[in-house]
Amino acid sequence: MKIVFGCDPNATEFKLQLMEYVKGLGHEVADLGSDDPIYANTAIEVAKAVAAKEYDRGIIVCGTGIGVSIAANKVKGAYAACIHDVYQAQRAQLSNHANIITMGSQVIGIELAKQLVKEYLSVEWNPNCRSVAKVQRIIDFENEE
């Protein structure tokens with residue numbers, strides 16, 4: 001898979017460690033930055049790239065994971081889930097078809113973050129699951145005028 005990363009300046013080292021880990025899992029990685037103190041700018045760039053299908057999935061990190069999640073979700077076609085445990089990492093894709101995950105570098109440690117990324121990247125959306133109608137409602141709402 002092609003995975004794109006972004007973060008705010010406070011999470012640069014955290015993101016770099018995750019990128020190396022994901023490369024080690026055999027994925028292609030790209031970095032859309034970490035220098036902009038306005039985390040929304042980086043989150044939006046990652047979300048736009050994922051929504052345009054330039055990348056399969058995105059991973060964005062800030063202090064809590066909340067702000068970048070909110071910003072990314074403003075981009076049509078971007079579906080970001082803020083995760084902090086293994087169940088959320090799995091369900092982000094399995095139940096919600098999230099194409100982006102966000103995490104807080106000041107909330108979880110790097111080893112847990114690696115485990116969450118591994119779980120998220122190891123599962124695929126099942127288009128026949130019971131969540132299809134729920135996810136479709138989100139997409140339909142997004143496309144309403």
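Here the structure is a predicted model, which is why all the values come from computation and not from measurement. The residues of the chain are indexed from 1 along the displayed sequence.
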Test of understanding: clusters of I, L, V, M, F, W, Y form through side-chain heavy atoms closer than 4.5 Å, transitively. Do [X] and [Y] belong to the same one?
| X | Y | answer |
| --- | --- | --- |
| Leu32 | Val50 | yes |
| Val4 | Val68 | yes |
| Val86 | Ile101 | yes |
| Phe14 | Val107 | yes |
| Val29 | Val117 | yes |

State the [atom1]-[atom2] distance between [X] and [Y], to the nearest 0.5 angstrom.
| X | Y | atom1 | atom2 | value |
| --- | --- | --- | --- | --- |
| Cys82 | Ile70 | SG | CD1 | 9.0 Å |
| Glu20 | Leu25 | CD | CG | 11.5 Å |
| Met103 | Ile108 | CE | CD1 | 5.5 Å |
| Asp85 | Leu112 | CG | CG | 8.0 Å |
| Ile59 | Met19 | CD1 | CE | 9.5 Å |
| Lys76 | Glu142 | NZ | CD | 6.0 Å |

Taking every non-hydrogen atom, the tightest pair across [X] and [Y]:
| X | Y | value |
| --- | --- | --- |
| Gly104 | His84 | N-NE2, 3.2 Å |
| Ala92 | Ile83 | CB-CG2, 4.2 Å |
| Tyr55 | Ile3 | CD2-C, 4.3 Å |
| Ala43 | Ala71 | CB-CB, 3.8 Å |
| Ala72 | Ala78 | O-CB, 3.4 Å |
| Lys15 | Gly33 | NZ-O, 3.4 Å |

TODO: Look at the side chain of Asn41 and the backbone N and O of Ile44, then say whether any donor-acceptor pair between them is shorter than 3.5 Å.
DONE: no
Open item on the list: Can a donor-acceptor pair be found, under 3.5 Å and without considering hydrogens, that links the side chain of Lys2 to the backbone of Glu54?
Closed with: yes
Open item on the list: Regarding Glu28 and Arg57, does a basic nitrogen lie under 4.0 Å from an acidic carboxylate oxygen?
Closed with: no
- [ ] May I have the step-by-step check of side-chain contact (heavy atoms from CB on, under 4.5 Å) for Val22 and Phe5, ending in yes or no?
- [x] CA-CA 10 Å; Val22 169; Phe5 284 81; 3.7 Å; yes
Open item on the list: If you count every heavy atom of other residues, nucleotides or ligands that lies below 6.0 Å from Asp140 atom CG, does the total exceed 12?
Closed with: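 Yes, CG of Asp140 has more than 12 neighbouring heavy atoms, counting only those of other groups under 6.0 Å.
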Open item on the list: Check this for me: Tyr120, atom OH, are more than 12 non-hydrogen atoms of other residues, nucleotides or ligands nearer than 6.0 Å?
Closed with: yes
Task: Pairs meeting criterion side-chain hydrogen bond (donor to acceptor under 3.5 Å, both in side chains) with involvement of residues 103-116, two or more places apart - done: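 Listed once each, the pairs are Glu111-Lys114.
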- [ ] Identify, with sequence neighbours excluded, every residue that meets side-chain contact (heavy atoms from CB on, under 4.5 Å) alongside Thr12.
- [x] Cys7, Leu16, Ser34
Expected list for residues 93-100: side-chain donor-acceptor pairs under 3.5 angstrom, two or more places apart:
| from | atom 1 | to | atom 2 | distance (Å) |
| --- | --- | --- | --- | --- |
| Gln93 | OE1 | His97 | ND1 | 3.3 |
| Gln93 | OE1 | Trp125 | N | 3.1 |
| Gln93 | NE2 | Ala98 | O | 2.8 |
| Ser95 | OG | Arg91 | NE | 2.8 |
| Ser95 | OG | Arg91 | NH2 | 2.7 |
| Asn96 | ND2 | Arg91 | O | 3.2 |
| Asn99 | OD1 | Tyr79 | N | 2.7 |
| Asn99 | ND2 | Gly77 | O | 2.9 |

TODO: Could you walk me through whether Thr102 and Ile66 pass side-chain contact (heavy atoms from CB on, under 4.5 Å), step by step?
DONE: CA-CA 7 Å; Thr102 69; Ile66 298 169; over 6 Å; no
